[in-house]
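Since the structure is predicted, the reported quantities are computational estimates derived from the model, not experimental observations. Residue numbers start from 1 in every chain, and the chains themselves are labelled A, B, ... in the order their sequence lines are given, proteins ahead of strands.
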Amino acid sequence: MPRLVHTADLHLGAPLGWLGSRAGKHREELKQTLTAVTDLAIRERADCLIIAGDLFDSQSPPASDVRHALKEFERLRAASGTPVVILPGCHDFLGPASVYASQRKDFGRHGRVTVLGLDGTPSADFPAAELTVRGTPLMSKRTSEHQLASVVPDPAYKYNVAVAHGALETAQSEADDHPIAGKGFAGWSYVALGHTHSWREASGERADAFYSGAPEVVGPDDVGAGHAAVVDLDERGATVRKERVGRKTIKRIELDLTGSSNLASIAERVRTEAPPDDDTILRLSLTGRLPVETDVESDRLCDLLRDDYFHVAVGSRSYELSLDETELATLPERLVVGRFARLMKEGCEAAESASDRQESQDALLLGVALLQGRDVLS
Amino acid sequence: MVNFRSFRDFEVDLDPGLNLVVGPNESGKSTIVEGLAVALFTDPAPGSLDVHEMASWGTTGATRLELSFEHDGVTYELLKDFGDGRVELREQTSGRALHGRSDVDRRISEMVGFGTLDAFESVAAVRQGELAAIEEKKRARGELVPMVERKMTSSSGVIDAASVLERLDAEISRMRSGIDRPAPRNPGPLSVCRDRIEDLEKRIASHRETWASVVRTMSELSQDRESLERTNSELARLDSVVRKEEKARELENKLAETDRALEDRESRIGKIRKLRKDIADAWERIGVTTYGEEKRAIVNAKADLDAAERRVNDLKESAPRWAGEGSDRRAAVVTGLVALVAFLLVLAAASGLLPDYRLWLLAGGVAAAAATAALFRRTMRVWAFSRSLRVANTERQKSATVLTAALSTLGFPNYLEFEHKIEDYDRAQRDAESARAVLTDICGTDDPREVEETLESQAAALGRKSEMHRQELAELGGARIGDVELDKLRTERDSLAEEASALNERIARREWELGQRESEDSLPELIARLEMSRGEENELLRRLRVLELAREGLDRALGSTKKAAASVLEPVVERILSRITLARYTDVIVRKDLGFSVANAGAQDGVPDKIGTEDLSTGTVDQLYLAIRYALLEFLSEHEGAPFILDDALVNSDPERRSAALELLHEISDERQVIMLSCENHGQEFADRVISLPAVNGRSPHGMVPSGGVREATPGT
């Protein structure tokens, strides 16, 4: 019975600018994640390692990342003889400038690596395991062509595995986001999917299909990332096991700031909800209502928490300055500050977008602070 | 006021008009005003204020404040209990009460016109020294304006809106520096950020342009790697052949060497064995007989015999003869002749035949005697010889007998056989010794057996080694090619090794080149930095928009506040100033910038003379100041909301100024409650109620003075 290790979306060489000063470190960690996936394939003595798209973050990834990938595939070949099947995804799509094309000899040299679609290769066949792996490579960043539309199972093989990279077609999905129709799963022993960075089952009635998710956090919203799938195929179908290979975890915390008065207490509340951990990436959403004189600056909050987590960012700020009648009374209309607050509040209410409203709110905060004699500009 | 500051239980009634609270320092005048403010604006919830600091000294009870006041004809009772945090605002007539803090705060704010204690104290209270400051700086035209602006800006009263606007302008200008116009020296953060973005974009573009060359290098690298692999493979094949050949040759050499050594060992073993056999044979030949004493006896007897025979022979050879030979014979003949002659002479002489016979006789006699003596001696010698010969023969005979006897003891019939036997023995012994010497020479030791064993062991080992080499050679199949061909293969191999080395170097150099590009200008790193810089730019732009929004809002707020203030302040100040100056100054002009000027009522042609504040007398300035402060209170707290409070505000004024001010306050008190705190009793004539507070000794609670409306609720406690 063939055993597969299925992963996708490693995005080696991704800039990771959203991680700020930690970007370089995490780029190195992405390489280590590929090593962890290789180790998993060796440990499981897999018959095939499938990478369902976006092994690299771009068509022209850094040479060191390419070398690392080739070295890992060579190690895999030497340790367990496991072949690797790569599907070019929407980031490392196939084309003349693609790393797969420009370094086809390097990929070819490793013998056991098959890049689907490269030089017309339609499939990777493993007769000894009665297994064939098939898929259509992506040729552009966006397309509305259906994945798997032109790929059909081969009855000569007992186990037919499809590989696709794109978004499962739903009412909400974008038309040009490499759509994958669930009905296309029929006839396949297993469908290895990539593109969605979180672990997700997409099985239809007639086939098992999974998004393995990214094996490591790549984007700020990769909450379910960090796993690879170990798939055992038999006559009845696929048995899929979720194995942890990544290190980083994204934790989202929504913090109601109502009643908070200072940054230190807010930081302490964050630490209580998410215990400090070097492998945690914290995404904070601040909500609630605050007195107008409260001065919450997300940058300062991030600075306070910087040493406790791998990275901290305030993802959305939806808290509002409360300016109800009682609080407005503390800013008499006849004082400049009162008039100013009312003017700005009108501006907030009239704002057409959330960002305009946020700006008006910040201007209100800033003006009130300055009019109350607080030195907030230095 | 219960347990508040220096009051344990204190109550005071204030008149709706002008109240004069008189008392020395530390008598509690300010505490009355503070109590009023705290009662109105402070949250009594535990923790909202330092209750211990507020509480009376030496008491443990909770602070409680009750305020009864009238607003719009309705009497209210306000209670704040700082012990249990209770708040209550009750309408006396209807009995309706509010208990929620926010509800009470809102209602108080509506009635008083202020929502905070700061605002109340800033606007409603004129402090000691304020008038003096105005007096000192009266010629500084701008002093009144910032004061008014500060009072109008915010409840803290520490900053005026104009300077906030200036700060915002400065910050906006700093942010924009270098954006709209060149800023060669000190570009703003936005400009710096945009420059950085531009630089990063250029570097990324350049990086992308060079990507083609990187791809080419990678492709070349790939080709080099392939070539290297092929070369290494061929190199390995050739090397294997060459090594096999070399190994075969080495094995052959080793085998030959081993065989030679084995042969040498076997030869030496053969020699040793032969020598040992020779020695054994020799000893066997000699037998065990050594004869010992017998041999010595024979040898001695033989020696004795030989000596005896030699003596006999010697004697025989030296036997004296009468007619000897040579000189002896001639001597004997001469001697005989001499004797004959002598004899004849003697005869002749005796016969007298000779003349002188005597002489002849003598001569013959001597000669005869001499010849006779010679003949005698010869005869004696012959006799002695015969005797010696007999003895020698006897000796020889004896020795021969002894020898025969000795030989017979060993069974030798004669000495010749004995002598042969002895010669054989000696020869065998010499042979054995010679063989031993050779053996010793070969073995280098006196123990040839040990050497032989060692050699045998070595030979066995060499034999095994030889066999092993033969087997290895058989496995290798032996050397298959000739030396010339091998040399050719070697040359080819070395050439391939050089080629591989060159390829390796080239690959390393290309990898280094690629590595350099990565380390110096890693595209992901540049993109990450660009993303961060763009984020920073967005943040800065956002901050700029926020600053500009704040600035615009503040400008509008300040403009509308000033406009509203001017319209309220001008009639109030004018009305009060006109009344207090007995219509000397009937017109007060409040400009848009809140600058004040007054107009003289006695102006010619109905056009009033505008007089700036700097040209007014000190007393008039004080009045103007108080009128403006009052007008501000009117502006900010309309409808008789807050009382107008003067806390020792006139303490430094001369009697004339004080009198003018009191007059004004008296006027004001018709419209709004005035509470004036003073250390002195001046102005009682203007006061509707005078409240005198006694000096306090130590920490004892206040006693009561039956003047005004003050009483101690629980005397002596």
Side-chain angles (χ1 to χ4, degrees), chain A residues 13-21 23-24 27 57-58 60-67 97 99 102-106 109 299 324-332 334-344 347 355-356 358-360 362-368 370-374 377, chain B residues 102 105-106 109-110 113-116 119 149 152-156 158-159 161 164 167-168 171 208 211 214-215 218-219 222-223 225-226 229 511 514-515 517-518 522-532 535 542-543 545-550 553-554 556-558 560-561 564-565 635-636:
Chain A
L16 306 172
W18 63 279
L19 283 174
S21 60
R27 278 202 297 275
D57 190 63
S58 71
S60 49
S64 66
D65 288 323
V66 180
R67 275 203 301 276
V99 62
S102 63
Q103 289 193 264
R104 53 161 55 77
K105 284 174 186 166
D106 280 320
R109 217 155 49 82
D299 287 352
D324 58 22
E325 294 308 311
T326 308
E327 281 144 341
L328 265 181
T330 66
L331 304 172
R334 294 189 166 200
L335 288 177
V336 176
V337 70
R339 273 179 200 272
F340 175 76
R342 282 162 182 80
L343 269 174
M344 299 312 290
S355 62
D356 286 352
Q358 192 64 56
E359 281 173 10
S360 294
D362 285 355
L364 169 56
L365 265 178
L366 175 72
V368 169
L370 287 171
L371 291 170
Q372 287 177 340
R374 281 187 278 156
L377 284 182
Chain B
S102 55
D105 283 351
R106 193 187 308 117
S109 180
E110 284 168 3
F114 305 108
T116 65
E149 278 194 353
M152 285 195 314
T153 293
S154 70
S155 53
S156 65
V158 294
I159 195 160
V164 171
R167 291 206 59 194
L168 280 171
E171 181 63 11
R208 288 202 163 120
W211 175 244
V214 172
V215 168
M218 286 165 102
S219 171
S222 178
Q223 284 170 7
R225 284 199 185 116
E226 264 183 59
E229 204 165 285
E511 281 182 341
L514 287 174
R517 282 178 186 164
E518 282 160 24
S522 167
L523 189 59
E525 179 61 31
L526 287 177
I527 293 173
R529 277 155 59 189
L530 181 65
E531 283 174 6
M532 281 188 271
R542 187 179 172 284
R543 181 173 166 75
R545 282 197 297 275
V546 167
L547 284 167
E548 286 173 342
L549 269 176
L554 184 55
R556 284 173 59 202
L558 182 60
S560 65
T561 308
F635 172 61
L636 298 169

At a heavy-atom separation under 4.5 Å, does B:Arg545 approach chain A through its side chain, its backbone, both, or neither? side chain
Taking all non-hydrogen atoms of both residues into account, name the closest pair between A:Phe340 and B:Gly553 and its distance. CD1-C, 3.5 Å
Can you name the nearest heavy-atom pair linking A:Pro15 to B:Ile527, along with the distance? CG-CG2, 3.3 Å
Tell me, for A:Leu370 versus chain B, whether the close heavy atoms (under 4.5 Å) come from the side chain, the backbone, both or neither. both
Residues A:Ser21 and B:Met532: closest non-hydrogen pair is N-SD, 4.2 Å
Show the nearest heavy-atom pair for residues A:Val336 and B:Ala161, with the distance to one decimal. CG1-CB, 3.9 Å
Inter-residue atom distance B:Leu554.CG - A:Arg339.CZ, 0.5 Å rounding: 12.5 Å
Check whether B:Gln223 gets within reach of chain A through its side chain, its backbone, both or neither, counting any heavy atom under 4.5 Å. side chain
Supply the atom-to-atom distance B:Arg542 CZ to A:Gln358 CD, rounded to the nearest 0.5 angstrom. 5.5 Å
Which heavy atom of A:Ala363 sits nearest to which heavy atom of B:Leu549, and what is that distance? CB-CB, 3.7 Å
Pick one of side chain, backbone, both or neither for A:Ser355, based on which atoms fall under 4.5 Å of a heavy atom in chain B. neither
Between A:Ala14, A:Ser60, A:Gly367, which shows the greatest number of heavy-atom pairs under 4.5 Å with chain B? A:Ser60
Region of B:Leu547 that comes under 4.5 Å of a non-hydrogen atom in chain A: both
Could you give me the CA-CA distance, side-chain angles and deciding distance for B:Leu168 and A:Leu366, then say whether side-chain contact (heavy atoms from CB on, under 4.5 Å) is met? CA-CA 10 Å; B:Leu168 280 171; A:Leu366 175 72; 4.1 Å; yes
Can you name the nearest heavy-atom pair linking B:Val546 to A:Glu359, along with the distance? CG2-O, 3.7 Å
